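In what follows, a structure is listed as structure tokens, so that the remarks can point back to it.
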Amino acid sequence: MKKHLATLLIFLLMAGAVLAQPQEKLPRTLLPLKVLQDIINEASGELALQNEIYLTGVNRNRKAEEYLEGYYETRFILEKMREYGFDEAEIVNLPTRSQTTWDAEEAELWMIEPVKKKIADLKEIPAVLCPGSVSAEVTAELVDVGPGFSDDYYRGKDLSGKIALVYGSPEAARRLAVEKYGAVGLIGCSSSHPEFDRDQIGWNSIRIGEKEKPTFAFMVSERTYFELKMALERKVKVVLRAMVKTQMVPYREEMAFGLIRGSEKPDEELVLVAHLFEGFAKQGANDNASGCVAILEAGRVLKKMINEGTIPPLKRSIRFLFVPEISGTRAYLQKYPEIAKKFFACINEDMVGEALVKNLSAFRLETTPYSLPTYLNDVVASFVEWMGASQRISQDQGWRNYAVLSPAGSRDPFYYSIDRFSGGSDHIVFVDGSVKVPAVMFICWPDMWYHTSGDLPDKSDSTQLKRVVTLTVAAALFLTRAGAEEACKILNEVSSRGLKRLGEEKGRAVDLILSAQEKELAVSRKEAINILEQAVLREKEALNSARFFAGSDREFAALLKAKLKSLDQLKIAWREELEEVYLQKCARLKIKPEKLTLTSDEIRLNQVVPVRKPAGDEASPWAAMMRLREMNLQLSPAIFRADFELRNFVDGQRSILQIRNAVSAEYEPLPLLEVEKYFLAMEKAGLFELKKK
């Protein structure tokens, strides 16, 4: 009897332990599970990783003839697109910003004293020579100038005819070290994560003006830098010999594109973009051969599944762009405006293939900025969250059902997050107010070898690539085949996720009132109401954006109307709640509540509307920022942080006050008169015209 009781007790304990484990369920999906499983079965992380290795298996110095005949990378992508059966595949020559560009031929850096030792060689690691360096053959003593960006680092030091050792970017020190104090060259040390890998060598460049002294700059690892620095601190004389041979070659800027044509609405195009180049002297595996091979593999999967009848033909087209980062995307849209008009959405893939655990990283979906609310955020987020949940469940079950694993890949968990817009890659070209194509980004971040010699395929993971390809194909398939029925599903997705976003914004608004001091309470109450109103406006725009797929469908129109009405009712109820919070705070502080009114400046600037002038290179985010700096415009740092969105909200209808309110809800309350000053400067720079209502 005791034996039976013991057995029963053990069984109950085991059962309890099992029941105590999280019992997660798969979230709803916008595609049937069978279709998702078919995509998983076909997507190959191994093929993607093989292509990444072909592109960036080693750090190599580009051959000079590539600048004349065409780049290796674009030819490789073109060949693969044709092999995979893309309907169109071509290389496009893009307009160049100059007739020539810099190219390195040879570069070696040797220590001559106190011992003879090679420090750097271009043939081994191209990152050691900074683009912009000129030909030189120099033997000179080394002098430590610390970061080198201010005169304080040069006091009591003789730099004339010597080489400056810089902890940081050589360009930050060049104008002082070379131009002012007479150094003949620089040795820099600047890498993304030296605390993680002391031997990585950061990519860097120098930019020598026409009237400035020609010089060169080498980059070394943190380990090498401190070896040199310690020798100097021990009063050891260090003499280096630098041999550099560079040239200017004809400048060629090109990209590759591919197309899978839709059968019913071929002129409506989803764009998959990844940058193939980030400067022609640099190649990186994660940044960004990984994005290129991911969208390339997505195209192969789609074509194969269509050809085999696993999925029906796409209704809409998919355009694949393999570009020089940002500049190439902008140049392509400007060269082919008739093609750009076809784009209805974009997924940008940048640094997507790295092993998450090895890189201490997570997969991130970066959504659109507040100026462009869209169904796209929630559609893609639903697939990302499905991937996260399915991999957790699969791992709990010993990787049985819905496991997205590559044969030679890792068994890493799928760490992910869904993030707000931050920019920094090709999607900024699409979401720019002059283009206004909804665009999201896939990225893995952080990257322990970002922009360094360590960015090689050994940091990548075929399992991660397979997961990204699966997400890409799933999202692309849904978006290119969606009709009225799917539009109703999109409304449900946007509405349910939107309620969560609205709840977060309301909490933010309430907290603004609760935390306000007496003197700022009235202003905080106005800003809190603005946060709520802007949030509701954004959610209504996101819901309306699903009309693209529904056309004139009556069921969709009725459902949309009901959801928009619910948002209006919710805004009224929550606005009343904010007022009650404000009144209670006034009572607590024993002050009289104020009426909500517009100031004279708010009334005035609500009548002034910025109107966008025709876009060109001079209207790019970078060019706009440079314009402001050239004017030496004294503005609050908050204005410069919000610069991109201040311009994006310009639509010829919104007033300066309305733009200020929209951007304040996204970032932080902006001083209204500072926003006016910004737009006056933009008008002076020729980017906008200010009109009275």
Side-chain angles (χ1 to χ4, degrees), residues 51-83 86 88-108 121-137 203-210 214 216-217 243-258 273-285 287-289 291-293 296 320-336 426 453 455 617:
N51 286 335
E52 182 182 302
I53 293 169
Y54 280 126
L55 283 170
T56 56
V58 296
N59 279 313
R60 68 183 183 91
N61 184 43
R62 190 178 300 283
K63 295 179 180 179
E65 55 263 32
E66 289 188 45
Y67 294 97
L68 289 171
E69 300 168 3
Y71 301 121
Y72 164 77
E73 294 90 342
T74 44
R75 270 68 190 161
F76 177 83
I77 294 292
L78 178 66
E79 179 185 319
K80 285 296 177 183
M81 287 192 292
R82 289 174 174 171
E83 177 187 332
F86 282 50
E88 292 182 31
E90 292 182 24
I91 291 175
V92 175
N93 290 318
L94 297 171
T96 58
R97 291 157 288 180
S98 62
Q99 292 185 336
T100 59
T101 189
W102 179 90
D103 176 59
E105 292 185 88
E106 299 175 20
E108 292 184 11
D121 191 331
L122 179 76
K123 295 189 296 294
E124 297 172 347
I125 302 178
V128 299
L129 185 66
C130 289
S133 297
V134 301
S135 296
E137 191 164 336
W203 294 96
N204 228 297
S205 62
I206 55 175
R207 297 176 292 279
I208 305 171
E210 290 183 5
F216 61 86
M243 294 168 285
V244 178
K245 187 177 180 183
T246 65
Q247 62 181 343
M248 300 302 291
V249 295
Y251 184 22
R252 182 188 195 93
E253 185 145 303
E254 65 180 25
M255 57 167 284
F257 89 86
V273 61
H275 71 266
L276 189 57
F277 303 107
E278 192 170 342
F280 293 106
K282 170 189 179 296
Q283 307 93 37
D287 188 14
N288 180 40
C292 294
V293 299
L296 182 66
F320 300 76
L321 302 181
F322 304 86
V323 295
E325 188 176 24
I326 300 178
S327 64
T329 303
R330 185 174 292 114
Y332 181 77
L333 268 57
Q334 290 173 351
K335 185 173 182 177
Y336 300 104
D426 292 275
S453 58
D455 184 3
D617 282 341

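Computed from a prediction, not measured in an experiment: that's the story for all the values here.
Every residue two or more places apart in sequence or in another chain that forms a salt bridge (charged side-chain N to carboxylate O under 4.0 Å, His left out) with R60 is listed here: E66, E73. With sequence neighbours left out, E105 forms a salt bridge (charged side-chain N to carboxylate O under 4.0 Å, His left out) with no residue at all. Evaluation of the side chain to side chain donor-acceptor pair (under 3.5 Å) rule for N61 yields no partner, not counting sequence neighbours. Taking E137 as the reference, R241 meet the side chain to side chain donor-acceptor pair (under 3.5 Å) condition, with sequence neighbours excluded. Judged as a side-chain contact (heavy atoms from CB on, under 4.5 Å), and not counting sequence neighbours, the contacts of N288 are A274, H275, S290, D350. A search for side-chain contact (heavy atoms from CB on, under 4.5 Å) contacts involving P131 returns W102, S205, A281, not counting sequence neighbours. Listed by chain and residue number, P126, W203, S453, L456 satisfy the side-chain contact (heavy atoms from CB on, under 4.5 Å) test with N59 (two or more places apart in sequence, or in another chain). Partners of Y72 under the ring-ring contact (aromatic ring centres under 6.0 Å, His included) rule, at least two apart in sequence or in another chain, do not exist in this structure. Every side-chain contact (heavy atoms from CB on, under 4.5 Å) that A217 has, sequence neighbours left out, goes to C130, S133, P170, L186, I206. Considering only residues two or more places apart in sequence or on other chains, E325 meets the salt bridge (charged side-chain N to carboxylate O under 4.0 Å, His left out) condition with none of them. Taking the ring-ring contact (aromatic ring centres under 6.0 Å, His included) definition, one finds that Y251 meets it with nothing, sequence neighbours left out. Listed by chain and residue number, nothing satisfies the salt bridge (charged side-chain N to carboxylate O under 4.0 Å, His left out) test with E65 (two or more places apart in sequence, or in another chain).
Closest of all the heavy-atom pairs between A256 and T74 is N-CG2, 4.2 Å. Among all heavy-atom pairs drawn from L122 and A104, the shortest one is CD2-CB, 3.8 Å. Nearest heavy-atom pair, I208 versus G132, reported as atom, atom and distance to 0.1 Å: CD1-O, 3.5 Å. What you find for P324 and E253 is that their closest heavy atoms are CG-CG, 3.8 Å. The two residues T100 and M248 have their closest heavy-atom pair at OG1-CE, 3.7 Å.
Rounded to the nearest 0.5 angstrom, F277 CZ and K282 NZ are separated by 12.0 Å. To the nearest 0.5 Å, atom CD1 of residue I77 and atom CD1 of residue I91 are 10.0 Å apart. Atom CG of L78 sits about 10.0 Å away from atom CD of E254, to the nearest 0.5 Å. Distance CG/N204 to CG/L129: 11.5 Å, rounded to 0.5 Å. The distance from the NZ atom of K245 to the CG atom of D103 is 11.0 Å, given to the nearest 0.5 Å. For the atom pair CG of L94 and CZ of R330, the computed distance is 12.5 Å after rounding to the nearest 0.5 Å.
With contacts defined as side-chain heavy-atom distances shorter than 4.5 Å, the pair Y54/V293 does not qualify. Using a 4.5 Å cut-off on side-chain heavy atoms (C-beta onward), L55 and Q283 make no contact. Contact annotation: the side chain of R252 never approaches that of T96 to less than 4.5 Å [non-hydrogen atoms, C-beta and beyond].
Between K123 and E108 there is a salt bridge, since a side-chain N of the basic residue sits under 4.0 Å from a carboxylate O of the acidic one.
When atom types are taken as modelled, the side chain of S135 and the backbone of T246 share a donor-acceptor pair closer than 3.5 angstrom. Here the side chain of D426 pairs no donor or acceptor atom with the backbone of T329 at under 3.5 angstrom.
Screening F322, F320, F257 for a ring pair (Phe, Tyr, Trp, His ring centres under 6.0 Å) with F86, the sole residue that qualifies is F320.
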- Item | Derivation and outcome, side-chain contact (heavy atoms from CB on, under 4.5 Å), residues V134 and V244 | CA-CA 7 Å; V134 301; V244 178; over 6 Å; no
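Within a 6.0 Å sphere centred on NZ of K335, heavy atoms belonging to other residues, nucleotides or ligands number more than 12.
Between F280 and Y67, the ring-plane angle classifies as perpendicular under the 30° and 60° cut-offs.
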